[in-house]
Amino acid sequence: MAQTYLHPAREQSAALKALKKRRRGGAAPYLFIFPWIFGFLVFTLGPLLFSLFISFFDWPIVGKVTFIGLGNYVEMFTDDPLFWKSLMVTLKFAVLFVPLNIIVALGLAMLLNQKVRGSAIFRTAFYLPSVISGVALAMIWSWVYSGDYGILNYFLSIFGIQGPDWLNDTKWSLVAMVVASLWGQGSMMLIFLAGLKGIPKDLYESASIDGAGKLRQFVSVTVPMITPTILFNLITSIIAAFQQLTLALLLTGGGPMKATYFYAMYMYENAFKYFKMGYSAANAWFMFLIVLTLTFLVFKSSEAWVFYEGEMKRGPQKKPKPAKGGRIG
């Protein structure tokens, strides 16, 4: 059978043409993702960098813009008591909200993971509150927490307990906000449920053969296997705690006596109530640094408690002691 041989120069020219053709074809994927890239640059990265820029200015919505350098940051730390008040309220809220949010979501996920009839109905019912708008959710909880006709105080009165005016009591208003925020954690529940579904059944069978009960299986099998899911939900809960705004704005307006005056509300009022856009941008960047620091600490600590399937945790290796004569045995 005859074979066709190409001249080296022609062969090189053909290879270059094929390479150019592939390069032209390689631009097609970027055209498909261009709308997302454009949206990210214009609506996310652009405003982010612009907010950092205006944080160094006295930038009213209407009026003269003046460069003040670090003036906004200095005022925030040294001459604004509301900054420290809102920060402390947010930290207290995060300390209560984050662990409770994870515990409730994991508990619901474990209940829905059981093989019972009608589990799909319960799954939908538990997820529905997470798709309700913040305004509707605030109206529901205002009826629940009302000191005069609230459902919660009515049920407490059945047991002879006089319930407080939840949203107007400085001792209970922050707790009421935590409980109302826990209502919409359906997304986190589904993430936990997906993690539970991914645990191999063989592990539970092996633990059962070894004599482990349900509690021991939960501690030694379930928790280690879903630690990556716990890590993800922990970080998202921290971010959500520092962005809490809608419920407090609609239910209490930051009261009573600033007991629910969250940091996000503090930023919101500086921007849209007092029209101090530069100062509000400085507030936002400080919150970004707080969340970034907490996220970094969680990631660093995850090396000690997060288990990935197929990964083996090894302790520190001890060096072998040298035997007599200087040789290592």
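Computed from a predicted structure; not experimentally measured.
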Atom pairs and distances, donor-acceptor, side-chain atoms in residues 76-84, under 3.5 Å, two or more places apart:
residue : atom : partner : partner atom : Å
Thr78   : OG1  : Val74   : O            : 2.5
Asp80   : OD1  : Leu82   : N            : 3.2
Asp80   : OD2  : Tyr266  : OH           : 2.4
Asp80   : OD2  : Tyr279  : OH           : 2.5
Trp84   : NE1  : Phe77   : O            : 3.3

Inset, instruction - Can you label the angle between the Tyr145 ring and the Trp166 ring as parallel, tilted or perpendicular, going by 30° and 60°? - result: tilted
Could you give the side-chain donor-acceptor pairs of residues 286-293 under 3.5 Å, partners two or more places apart or in another chain?
residue : atom : partner : partner atom : Å
Thr293  : OG1  : Leu289  : O            : 2.7

Test: side chain to side chain donor-acceptor pair (under 3.5 Å). Region: [range]. Which pairs qualify, not counting sequence neighbours?
range            : answer
residues 216-230 : Tyr204-Thr222, Arg216-Ser220
residues 248-261 : Thr252-Thr260, Tyr261-Glu269
residues 184-194 : none
residues 103-113 : Asn113-Lys197

Legend entry - Within residues 159-178 or reaching into it, pairs that qualify as salt bridge (charged side-chain N to carboxylate O under 4.0 Å, His left out) - sequence neighbours excluded: none
Legend entry - Contacts of type side chain to side chain contact (heavy atoms under 4.5 Å, CB included), residue Ala284, not counting sequence neighbours: Met267
Legend entry - Where at least one partner belongs to residues 183-203, residue pairs that pass ring pair (Phe, Tyr, Trp, His ring centres under 6.0 Å), sequence neighbours excluded: Trp141-Trp183
Inset, instruction - Measure the spacing between OG of Ser302 and CG of Leu231 and express it to the nearest 0.5 Å. - result: 5.0 Å
Inset, instruction - Output the distance between atom CD1 (Ile226) and atom CD1 (Ile191), rounded to the nearest 0.5 Å. - result: 12.0 Å
Legend entry - Atom of Pro224, atom of Phe307 and distance for their closest heavy-atom approach: O-CB, 3.6 Å
When Ile, Leu, Val, Met, Phe, Trp and Tyr are grouped by side-chain heavy atoms lying under 4.5 Å apart, directly or through other members, which residues fall in the same group as [X]?
X      : answer
Val135 : Leu250
Phe43  : Phe34, Phe38, Val42
Tyr149 : Met139, Trp143

